Asks: 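Encoded as structure tokens, here's the structure I'll be asking about.
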Amino acid sequence: MSERLEDIAAAIVAGGKGLLAADESSGTIKKRFDVIGVESTAGSRRDYREMMFRASEAMSRYISGVILYDETIRQKAADGTPLVDIIKAAGSIPGIKVDLGAKPLAGFPGDTITEGLDGLRERLADYYKLGARFAKWRAVIDIEIGKGVPSANSIASNTHALARYAALCQEAGIVPIVEPEVLMDGAHSIDTCYDVSKATLVRLYDELYAARVVLEGSILKPNMVISGRKSGRTDSPEEVAEKTIKLFREVVPAAVPGIAFLSGGQEDEEATANLNAINAIGPHPWKLTFSYGRALQAAPQKAWSGKASNVAAGQAAFTHRAHMNHLAALGKWKPALEKAA
Ligand code: 5MM
């Protein structure tokens, strides 16, 4: 495969393929395993992820790349094969989460700042040697307007950090996935999500230009424009699509090859239906695909439930969701396909 940043970025979003976000930190994967009654150990985390990476139909036809956690990029499968080699053998690209998590932003209660810039140049060189050709950094922007969240300082600090991260990635020959996640956990309306997402993306692209990031060699990983969960409102896919695309047309440069959405707590089929509606109103200047964590993994986690005898069922559940999201990335998904499966 070409090592040019532009070619790697284009490959990540080509042909209706998308990313598997399997970069849960140890704390997050423990929460996911608690739900299915599985103890989180290095071994169980390896077995679970190996199950997905060996799902050959999903990995070769629908998943262009996998975002890994530091532990996983160094792990070997039960037979001794490095997990990275299993991903590459399927024709998929290994990636790595390089941020060190969102911490409270001093002086701004309710806001966070994502840390991890110190020593990043050296860590990226190490990850490149381990096979990573793209990376991910997630900034977290919560919404609680009554409390002044997010503050202008949160948006400025987080987007500045994203730009510094992206520039370091490109220096290392690694495509930066730039993830400014405006959370959908709050009670806000879809229009408030639009406003906060717009303020964040406008500032983000200012910072990326200032940092001399080559947009053609980057991918944006945003939230969709959607009502907060606590608002009690579920938006139609058409409304999500219309407001999301209106926002991106206003603020995301056409030089960006692709936009790979996070699922953010949407139900599995909801995330698929919304992505499909977004692509159904194309053509768009960028490829629009998925980089889902929960919306790709909730079903396989449940089907697997930590039992070796359930590996085939877990792989089937993963392959199904990957297939449905692949079709949505092409605007060809239909609800009946879920029932047929
Ligand atoms: C896979 O989840 C990632 C969470 O990592 P942490 O454990 O460090 O919080 C997360 O960054 C993920 O890549 C994106 O948020 C997208 O995942 P969802 O579940 O929102 O699709």
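Predicted, not measured: the structure shown is a model, and the values here were computed from it. In listed order, ligands and their atoms are each counted from 1.
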Asks: Using distance alone, with no hydrogens and no angle criterion, decide if Thr200 and Ser197 have a side-chain donor and acceptor under 3.5 Å apart.
Replies: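 No, no side-chain donor-acceptor pair sits under 3.5 Å.
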
Asks: Distance under 4.0 Å to a non-hydrogen atom of Thr28: what atoms of ligand 1 satisfy this?
Replies: 6 (P), 7 (O), 9 (O)

Asks: Decide whether an N or O pair under 3.5 Å exists between Leu262 and ligand 1.
Replies: no

Asks: Please work out whether the ring planes of Trp286 and Phe248 are parallel, tilted or perpendicular, with thresholds of 30° and 60°.
Replies: perpendicular

Asks: Checking His323 now: which residues fulfil ring pair (Phe, Tyr, Trp, His ring centres under 6.0 Å) with it, not counting sequence neighbours?
Replies: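 Scan of His323 (ring pair (Phe, Tyr, Trp, His ring centres under 6.0 Å), adjacent residues dropped) gives Tyr62.
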
Asks: Any non-hydrogen atom of Ile67 lying under 4.0 Å from ligand 1?
Replies: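 Checking ligand 1 against Ile67, which is what was asked, there is no heavy-atom contact under 4.0 Å.
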
Asks: Would you mind listing which atoms of ligand 1 come within a distance below 4.0 Å of any non-hydrogen atom of Arg294?
Replies: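 Answer, ordered by atom number: 18 (P), 19 (O), 20 (O), 21 (O).
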
Asks: Ignoring hydrogens and angles, tell me if any N or O in the side chain of His284 forms a donor-acceptor pair with the backbone of Arg249 under 3.5 Å.
Replies: no

Asks: Tell me if a side-chain donor or acceptor on Ser92 pairs with a main-chain N or O of Ile63 at a distance below 3.5 Å.
Replies: yes

Asks: Heavy-atom distances under 4.0 Å are what count here, so tell me which part of Glu24 touches ligand 1: side chain, backbone, both or neither.
Replies: both

Asks: Quick check on contacts: which atoms of ligand 1 are under 4.0 angstrom from a heavy atom of Ser263?
Replies: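 Going through ligand 1 atom by atom, the ones under 4.0 Å from Ser263 are 18 (P), 19 (O), 20 (O), 21 (O).
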
Asks: Would you mind checking which non-hydrogen protein atom is closest to atom 9 (O) of ligand 1, with the distance to 0.1 Å?
Replies: Arg138 NH1, 3.4 Å

Asks: Looking at Asp99 and Arg138, would you say the former's side chain and the latter's main chain have a donor-acceptor pair under 3.5 Å?
Replies: yes

Asks: If you count the atoms of ligand 1 from 1 in the order shown, which ones are under 4.0 Å from a heavy atom of Tyr292?
Replies: 21 (O)

Asks: Answer with yes or no whether Glu179 contacts ligand 1, where contact means a heavy atom under 4.0 Å from a ligand atom.
Replies: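 Yes, Glu179 has heavy atoms under 4.0 Å from ligand 1.
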
Asks: Checking side-chain polar atoms at under 3.5 Å, does Arg45 have a donor or acceptor matched by the opposite partner on Ser40?
Replies: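 There is such a pair (donor and acceptor under 3.5 Å, judged by atom type) between the side chains of Arg45 and Ser40.
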
Asks: Quick test: of every protein heavy atom, which one is nearest to atom 1 (C) of ligand 1, and how far off is it to 0.1 Å?
Replies: Asp23 OD1, 3.2 Å

Asks: Testing the 3.5 Å rule here: is there a donor-acceptor pair between the side chains of Tyr69 and Glu24?
Replies: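 No.
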
Asks: Could you go step by step and tell me if Glu269 and Lys334 meet the salt bridge (charged side-chain N to carboxylate O under 4.0 Å, His left out) rule?
Replies: CA-CA 10 Å; Glu269 275 191 49; Lys334 290 189 175 47; over 6 Å; no

Asks: Select the closest option to atom 6 (P) of ligand 1 among Lys97, Gln266, Glu181, Lys136, judged by heavy-atom distance.
Replies: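 It is Lys97 that holds the nearest heavy atom.
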
Asks: So is there a nitrogen or oxygen of Gly293 less than 3.5 Å from a nitrogen or oxygen in ligand 1?
Replies: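 Yes - when backbone and side-chain N and O of Gly293 are compared with those of ligand 1, one distance drops under 3.5 Å.
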
Asks: Looking only at protein heavy atoms, which one is nearest to atom 16 (C) of ligand 1, and how far off is it?
Replies: Lys221 NZ, 3.4 Å

Asks: Is Gln297 in contact with ligand 1, taking contact as a heavy-atom separation below 4.0 Å?
Replies: no

Asks: Of all the atoms in ligand 1, which lie at a distance below 4.0 Å from a heavy atom belonging to Gly264?
Replies: 18 (P), 20 (O), 21 (O)

Asks: Sequence neighbours left out, what passes side-chain hydrogen bond (donor to acceptor under 3.5 Å, both in side chains) with Thr319? Give chain and number order.
Replies: none

